[in-house]
Trainee: 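Right, I'll just put the structure down here and ask away after.
Computed over heavy atoms, backbone and side chain alike; hydrogens, waters and symmetry mates excluded.
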Amino acid sequence: MPKLKTHSGAAKRFKKTGTGKFKRGQSKMRHILTSKATKTKKKLGKITLVSVADTPKVARMLPYA
């Protein structure tokens with residue numbers, strides 16, 4: 001069995017937690033922040049988990065994570 005390639009774009013975006021779930025950052029925090037509420041910006045700045053439905057796809061892209 002040959003070695004599997006890691007998806008380099010996914011490797012930059014996702015990290016595996018100790019329990020086997022995947023962490024991800026949130027979008028909409030790059031620019032045009034003046035029109036967003038402070039509460040929204042605080043919420044979007046936090047790290048969240050990948051949804052249960054998308055976890056198998058991310059795991060396939062990161063075989064050695």
Trainee: Is there a side-chain contact between T55 and K21, using heavy atoms and a 4.5 Å cut-off?
Mentor: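 No, too far: nothing below the 4.5 Å cut-off.
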Trainee: Strictly distance-based, threshold 3.5 Å: is any side-chain N or O of K41 a donor or acceptor partner for the main-chain N or O of L33?
Mentor: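 Present.
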Trainee: Scan for salt bridge (charged side-chain N to carboxylate O under 4.0 Å, His left out) pairs involving residues 46-65, sequence neighbours excluded, and state none if there are none.
Mentor: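 Pairs touching residues 46-65 that pass the test: D54-K57.
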Trainee: Hey, are the side chains of T48 and Q26 touching, using non-hydrogen atoms and a 4.5 Å cut-off?
Mentor: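 Yes, at least one pair of side-chain atoms sits under 4.5 Å.
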Trainee: With sequence neighbours excluded, tell me which residues meet side-chain hydrogen bond (donor to acceptor under 3.5 Å, both in side chains) with T38.
Mentor: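 None.
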Trainee: Got a sec: does the NZ of K36 have more than 12 other heavy atoms crowding it under 6.0 Å?
Mentor: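 For K36, atom NZ is crowded (more than 12 foreign heavy atoms under 6.0 Å).
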Trainee: Go through L62 and F14 one step at a time and tell me if the side chain to side chain contact (heavy atoms under 4.5 Å, CB included) criterion holds.
Mentor: CA-CA 9 Å; L62 303 172; F14 303 107; 3.9 Å; yes
Trainee: Within a 6.0 Å radius of atom CZ on R13, are there more than 12 heavy atoms belonging to other residues, nucleotides or ligands?
Mentor: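 It does not: R13 CZ has 12 such atoms or fewer within range.
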Trainee: Find out if a path of hydrophobic residues (ILVMFWY) with successive side-chain heavy-atom gaps under 4.5 Å connects L4 to M61.
Mentor: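 Different hydrophobic clusters.
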Trainee: To the nearest 0.5 Å, what is the distance between CG (L44) and CE (M29)?
Mentor: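 Nearest 0.5 Å value for the CG-CE distance: 6.0 Å.
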Trainee: In Å, rounded to the nearest 0.5 Å, how long is the span from OH of Y64 to OG1 of T6?
Mentor: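 Here the rounded value is 7.0 Å.
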Trainee: Got a sec, which residues hit side-chain hydrogen bond (donor to acceptor under 3.5 Å, both in side chains) with S8, two or more places apart in sequence or on another chain?
Mentor: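 S8 satisfies side-chain hydrogen bond (donor to acceptor under 3.5 Å, both in side chains) with no other residue.
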